[in-house]
Amino acid sequence: MIIHHPLLGPRDAAEFVYLGDAALIDRPDWQAENAAEAFHAYGYLRDNPAGVHQELWYHEQGDRSWLVVTRNTVNHEISRVELARDVARARGRGR
Amino acid sequence: MAEYTLQAEPPLAGTKMEIAGVRLWAPADLALVSLALPLGREDAADRAIKSAYGVDLPEIGRSVLAEDDTRLIRLAPDLAFALFTHATPDAGRVVAQRLNDALYTTDQTDVWVALALSGPDARRALERICPIDLHPQVFGLGHAARTVMEHLGVLILRTGEDDYLLLSASSSAKSFLHAVEVSLHNIA
Amino acid sequence: MRYSAFKIFREGLTGNKGWTPAWRDPEPKPEYDIVIIGGGGHGLATAYYLAKEFGLRNVAVLEKGWIGSGNVGRNTTIIRSNYLLPGNEPFYEMSLKLWEGLEQDFNYNAMVSQRSILNLIHSDAQRDAFVRRANAMFLAGADAELADADQLRAELPFLDFDNARFPIKGGLFQRRGGTVRHDAVAWGYARGADARGVDIIQNCEVTGFDIENGKCRGVETTRGAIRARKVAVCVAGSSGRVMALAGMRLPIESHVLQAFVTEGLKPVLPGVITFGAGHFYVSQSDKGGLVFGGDIDGYNSYAQRGNLPVVEDVAEGGMAIMPMIGRARLLRNWGGIMDMSMDGSPFIDRTHIDGLYFNGGWCYGGFKATPASGMCYAHLLARDAPHPVATEMRLDRFARGHLIDEKGMGNQPNLH
Amino acid sequence: MSQVNRIKGGLIDRSTEISFSFNGKAMQGHPGDTLASALLANGQRLVGRSFKYHRPRGIFTAGSEEPNALVELRKGAAQEPNTRATVAELFDGLEARSQNHRGSLEFDLMAVTDLLSPFLSAGFYYKTFMWPRAFWEKLYEPAIRASAGLGQLSMEEDPDCYDKGYLHCDLLVIGAGPAGLMAARTAARAGVRVILADEDFVMGGRLNAETLEVDGMPGADWAATVVAELAAMENVRLMPRSTVYGAYDHGIYGMLERCTDHLAFSGGKPRQVLWRVYSRHAVLAAGATERPIAFGNNDRPGVMLAGAVRAYANRWGVAPGRRVAVFTNNDDGWRSAADLVAKGVEVPAVIDTRDAPAVCDVHGARHIRGAAVMDTKGRKGLRQISLIDGQMIDVDCLAVSGGWNPNVHLTCHQRGRPEWRDDLAAFVPGRDLPPGMVVAGAANGAMTLAAALRDGVAVTERLGYTDTGDLPRAEDEPRDGAPIWHVSQSRARAWLDLQNDVTVKDVKQAHQEGFRSVEHLKRYTTLGMATDQGKTANIPALAVMAECTGKTIPETGTTIFRPPYTPVPIGALAGRARGRDFRPYRLTPSHRWAEANGATFVEVGNWLRAQWFAREGEQGWRDSVDREVLMTRRSVGICDVTTLGKIDIQGRDAGEFLNRVYCNGFATLAVGRVRYGLMLREDGIAYDDGTTARMGEHHYVMTTTTANAVTVFRRLEFARQCLWPDLDVHLISTTDGWAQFAVAGPNARNLLRKVVDKAHDLSNEAFPFMGCGEVTVCGGMPARLFRISFSGELAYEVAVPARFGNAMMGVLMEAGREFDAVPYGTEALGVMRIEKGHAAGNELNGQTTAHNLGMGRMVSRKKDCIGNVLSHRPELLREDAVKLVGFRPVNRDTGLIAGSHFIGQGDAVMMDNDQGWMSSVAYSPSLGHSIGLGFLKRGDARLGEILRAVSPVHGREMEVEVVPAHFIDPEGERLRG
């Protein structure tokens, strides 16, 4: 596969390490009342769609950036690649 | 006078050969310092670079030569390397002072080893191990990329028409040299 | 029809005209006691044991394509019970015992071949871990045997003992491990289940569940609605997709695993060999092909095909450990979809929906589990209580913190 | 003159004769020959035996689709089984042997299986060999295995080397036949980067095998001029002998280039190179494969595909027979007849299944209309054919044409399905092609020469590459046909899969037994599973199945084509990564010193580390390790610990960041101090541990375990970028940058005082336990000093820039001479950490929690950190959970066994009584007996208890006493001293 890194251009996916669903950005609040339940869902339950999937890849043999890649799990077509940091901020993560 | 002295033994010191018409050597006394741009203080960092080196930080994936022949290589939005000739083991401190501590610096000199390749067939040899496209229209002069060759992380720079500088981890220097050497042998 | 040498002889003399279909091709009935979704090895085994061991024959197996078209039809055919953890080992040992009597049991030669499986040891820490595992196997009544490098050199002289990057320091054998002709497992179970009255319905895809007030009453299919007292999902690889129809999220990701076979060769490998320092395991089929595999590609996929990096990685492992195979040619390379679970271990459990049962999460270890999975799922369906060797294979184990993590990789499915 | 069948013409160099041997018999050929063409030239018709029935087999095709002519090439370690003679390029000295027979090729003892064939029909083995049970492995299976398989591996290491590479282009053209040449030329003239690859060693494809003309010149000559034009262009790369074998995601293609297979010796150069081609677009111009018609005994040597027969005549100047009949259902078969006659070969008859006029004039041949071949005779080679009307014709070769199948394989590699075209009676590429791929020429169903040329240009232009040049002139030769798949009147067995011996009857039986899906058919009968992957067999078999089911062929289905297109050697897929080059080596800075000082090395991940340093007179490794431990504890020892991961962490929020990634608190760590940190995974399981030193206000140095250095860095980057993107934190690895040495033992300070420059006060007060700082050594060399201890002794770790590491080791040893300092390796390190009760990889194995490790209280409930919430799940905190404790043997002379399990006194050795396991053991020279660390249920509450440590795999068990995990200096006085 080829991942079009938003800053570096096309790179072979072999330069990257895969983590999983980009929902892993949405780490729950540890002090929430339902923290145990929320962390269980965060850590263990997956949508696992047959189709478009937002997922985290790490450019280990490259610039060490984490990316959010939007990829179809049925035909592997990649429609979007973003810096995970930008996505995280857009999802409200900060300090 | 201290009782003991330490001699430097860079892993690839003295490497120099020519295979398939390509010269391959390990440049001596290359120093490398990483420059991290503090979050929220990038402008100050940029100004410090400009005032210290007389050039702006290049775009990501590019390098520029400063007036003093320091090559500034931009690797990520908040990370660059300064590559320059400097023999003593204080490159980190030297750069930090020069930049007035406006960036976080880490001496990377000993983390890496460098190999230089020069010759019209250098690209054809690198084709055996380098996954990225080195065609001159794609990988222009001054371009820089981190990638993987024979299981080793490598930072490759195009320093001239047929000239490349490759940097890889110092602990695996021998395997790195072997990989490049075999590539040259295989096209000879 | 009972298969035997005599039957073959008689048919041979009469032009092989008397063979009858191995299973019927029935129309689906409107209602069954139990509907099993998925005509793979596990689903067919479940139906077989439901009929044979629990006397439940009003059972249908629904298969969206042809039976055996899932992972039982595309795997590296290995059977073994060399597990470490108490949540797994007794289950896989029961499975191995079932394999040992399977062919006579269902009157079909699945070529169960206990030619041994060997895990190579390359470091002291690895040896410590394998000793712990070997002893766990003994504690569960399985067999295990440690070998040192000299013993391996005598037994497998073609391994690279002298020039290897990661020297071979020994190995863990399970002599009762081996291989099975994978397709025949599906066919044998199908034939056995069919003979006992189970309806095997091919080209019948489930498109939805009939769930009312928290109770599952049946399924919608491309061949109409079918009602059932119990619906048993058994579609590893597609679990996420199918259970989503019931509104469930699972602790599972679907990943692609590639497998490989070479051109036919005269016998070179005595048993199964696993190279742990690289990613490579290999055996030789009765037809002579080297059947091998390695790691999953590592990204979520339903595509049933993989990519080059893993192909190369696996070949590198092979050449590192047995450089004599360099001139053997890769003939075919295929990919299957794995239910990769969050701790690398499976599920055989009820769901929170009454009447809906789930079997899945087999990662890439489902083939060897086929008989025990069928037996335990049948037990659960028939008795509504888990089989004693499958008590820990529950869906709620992550919430409780009861992990069955053989590799110690945590909640990252692609590392299991 | 051994080349009895050589006729005029052909693209061979007759001025040079080269010698080769087949089964030891000397033969001759010419440059340009394949082994197959040379064998035919030498009159060798019988070349192999079939897989199941060991039937005689001859050359069937002239290309990579060959099912029959599989041979072993070369000898010794270079022996190469299952090579298709039809693509093996002839070279001087080539040695080839037939395979899969017992006894000679002519008198194969295994041919007896053919007599038993009525009992060996499809799937017979599933129905028998079950009794008695034990006989399968002992008797039946070995017999089946010995008779199955084809060629033989040498069992020796592959003597050749291989390489890999990466190519990038705008357009990859796969196949250099007429369509491919035009596609490449069009794109090349448009100025884009083009790679033209062809599996053959001469480009031109079928043009080299035909007498057709292009632009008024012989097709082969025209091809050569196009190739010459392309070769002169800088933007074109011509790759003959290169098979594009797989189409992978996003325009990555796998291509195998055979570099030295056509040479007697490789000269030390790679035998083959595996290229990954990255291409924006690809034109698949892979041509078409002819298919046979099944009839009785159609498998005899001498029965060949018609297109192959004419290829041998036209390209190689070889007549595959002296009397060659043609059996065809289409116009194309006629061309074989015409070409043969033009070359002076006798063609007694053209048997056309169609009741239609002659397609062309074939001098001397009878045209037998509406007829079919029903059976053949000739035990080891064709002698006679009989037709359905009963007439018999003496021939030694029968050229069969059942029509042509487009080579759609690569279009299916991403699960695209081909579509049926009735007018061609063949599958053509479907709509769901791999992104970026287009198909041209015969592969696309453009079956005539003129159409292929046009198509090659058209599809390329559709990709946006245009050339204004003229289209070459050529004719649309007649290609009509009427499908017929097998001759139903045949009573004898009619073969579909020639290699795996699958007959029409087998397909019918599979249908009868319910194996009707194509996949069931393949799996039940083994159809298409042979080395040729059914390239000539699958479609006719599908047609037979369609007949049985009463459905059309497309309704019956198609099989999925998977990579590789043709088989690829495992050696090529592995490339250089084998033997010692399997993975890179990482060497510690003091590696050279260690080598010179008796070190034995051990692989730790990719690192090579000194395991121990043997001294003269020592009897075994234990002697060395015991000495290293004792000397260290008695005086001082030095160990290179560079392999531990080092991460430079800087930023205004670095402290806060650390506080969140470690489970214990880091907020209060002062500058100049070091703290032990335990890292959890988010699932609450213990993950890694190490120390982190605060070097400055915003500057920390983290160490990780050797094994996890890379993954810890990755996780930290995840936390930094994805979880808390607005913290000002920056990470960079410095693992390789600092040569770091542990200096441990009561004399550690005394030694270091000689090395560290005097300006630095190393007194216990000025530089206490868990202190750190930047210092200089040896007269101004920048260094880092940490007062940390893994051994439990008074210890420091001192780091200098890595290039000085080798010298530093020497200096430390020199300075330590007065203290009898010893270097110690990983074994002594391991012994001392067990003596001190430190957890390492065997304990931090990804399955244990802080609670298990006795560090439960470190997990602060007062702050957020990775893993905090899930570490508090009820079953992870069970009161009866295993706890890390120490063990010693009740009988002190007994050695403990790592991996043994704990069973209570008097309990049966079974899983229900399993109470835990021994994770690490060592012989403690300090204590004079074996000691162990292990996990025991409620272990911390059971100190003093006696248990059994059992290791049934060793057949051993021993009594052990539960003790605290700190065997040495439990109060920690030494390390604070």
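Chain letters run A, B, ... following the sequence lines, proteins first, then strands; residues in each count from 1. Both backbone and side-chain heavy atoms feed into the values below; hydrogens, waters and symmetry mates do not.
- With contacts defined as side-chain heavy-atom distances shorter than 4.5 Å, the pair D/Leu150/C/Glu263 does not qualify.
- If you measure heavy-atom distances from D/Glu137 to chain C, the contacts under 4.5 Å come from the side chain alone.
- Heavy-atom distances place the side chain of D/Leu274, and not its backbone, under 4.5 Å from chain C.
- A donor-acceptor contact shorter than 3.5 Å is absent between the side chain of C/Lys287 and the backbone of D/Thr526.
- For C/His402, there are no ring pair (Phe, Tyr, Trp, His ring centres under 6.0 Å) partners two or more places apart in sequence or in a different chain.
- C/Gln104 and D/Arg133 share no donor-acceptor pair across their side chains, judged by distance under 3.5 Å alone.
- Side-chain contact check for D/Tyr126 and C/Arg181: at least one donor-acceptor pair (N or O, by modelled atom type) lies under 3.5 Å.
- Most heavy-atom pairs under 4.5 Å with chain D: of the set C/Gly288, C/Pro157, C/Ala320, C/Gly68, this distinction falls to C/Ala320.
- D/Val909 is listed as a side-chain neighbour of C/Leu139, based on a closest heavy-atom distance under 4.5 Å.
- When every heavy atom of C/Ser113 is checked against every heavy atom of D/Trp136, the shortest pair comes out as CB-NE1, 3.8 Å.
- For chain C, the nearby parts of D/Asn100 are the backbone and the side chain; heavy atoms of each come within less than 4.5 Å.
- In this structure, OH on D/Tyr140 lies 13.0 Å from CE on C/Met111, to the nearest 0.5 angstrom.
- For the residue pair C/Ser285/D/Arg145, the side-chain donor-acceptor check at 3.5 Å is not satisfied.
- Interface remark: C/Leu403 contributes side-chain atoms only to the contact with chain D (heavy atom separation under 4.5 Å).
- Within the cation-pi definition used here (under 6.0 Å to the ring centroid, within 45° of the axis), D/Lys127 does not qualify as a partner of C/Tyr108.
- Each of D/Asn82, D/Thr566, D/Thr83 was evaluated against C/Arg329; a single residue qualifies, D/Thr83, per the side-chain hydrogen bond (donor to acceptor under 3.5 Å, both in side chains) test.
- Aromatic ring centres of C/Trp23 and D/Phe515 lie closer together than 6.0 Å.
- Between D/Asp160 and C/Arg327 there is a salt bridge, with a side-chain nitrogen of the basic residue lying less than 4.0 Å from a carboxylate oxygen of the acidic one.
- A donor and an acceptor atom, one from each side chain of D/Arg580 and C/Asn163, are located under 3.5 Å apart.
- Looking at D/Arg578 and C/Asp160, no side-chain N of the basic residue comes within less than 4.0 Å of a carboxylate O on the acidic one, giving no salt bridge.
- Classification of D/Asp914 and C/Arg132 as a salt-bridged pair fails, no side-chain N sitting under 4.0 Å from a carboxylate O.
- Classification of D/Arg576 and C/Glu316 as a salt-bridged pair fails, no side-chain N sitting under 4.0 Å from a carboxylate O.
- Here C/Ile67 is the residue among C/Ile67, C/Thr262, C/Leu13 with the most heavy-atom pairs under 4.5 Å with chain D.
- Contacts between C/Ala129 and chain D at a heavy-atom distance below 4.5 Å are absent for every atom of the residue.
- With a threshold of 4.5 angstrom between heavy atoms, C/Lys7 does not approach chain D through any atom at all.
- With a threshold of 4.5 angstrom between heavy atoms, D/Gln611 approaches chain C through side-chain atoms but not through N, CA, C or O.
- Taking 4.0 Å as the cut-off between side-chain N and carboxylate O, D/Glu875 and C/Arg397 do not count as a salt-bridged pair.
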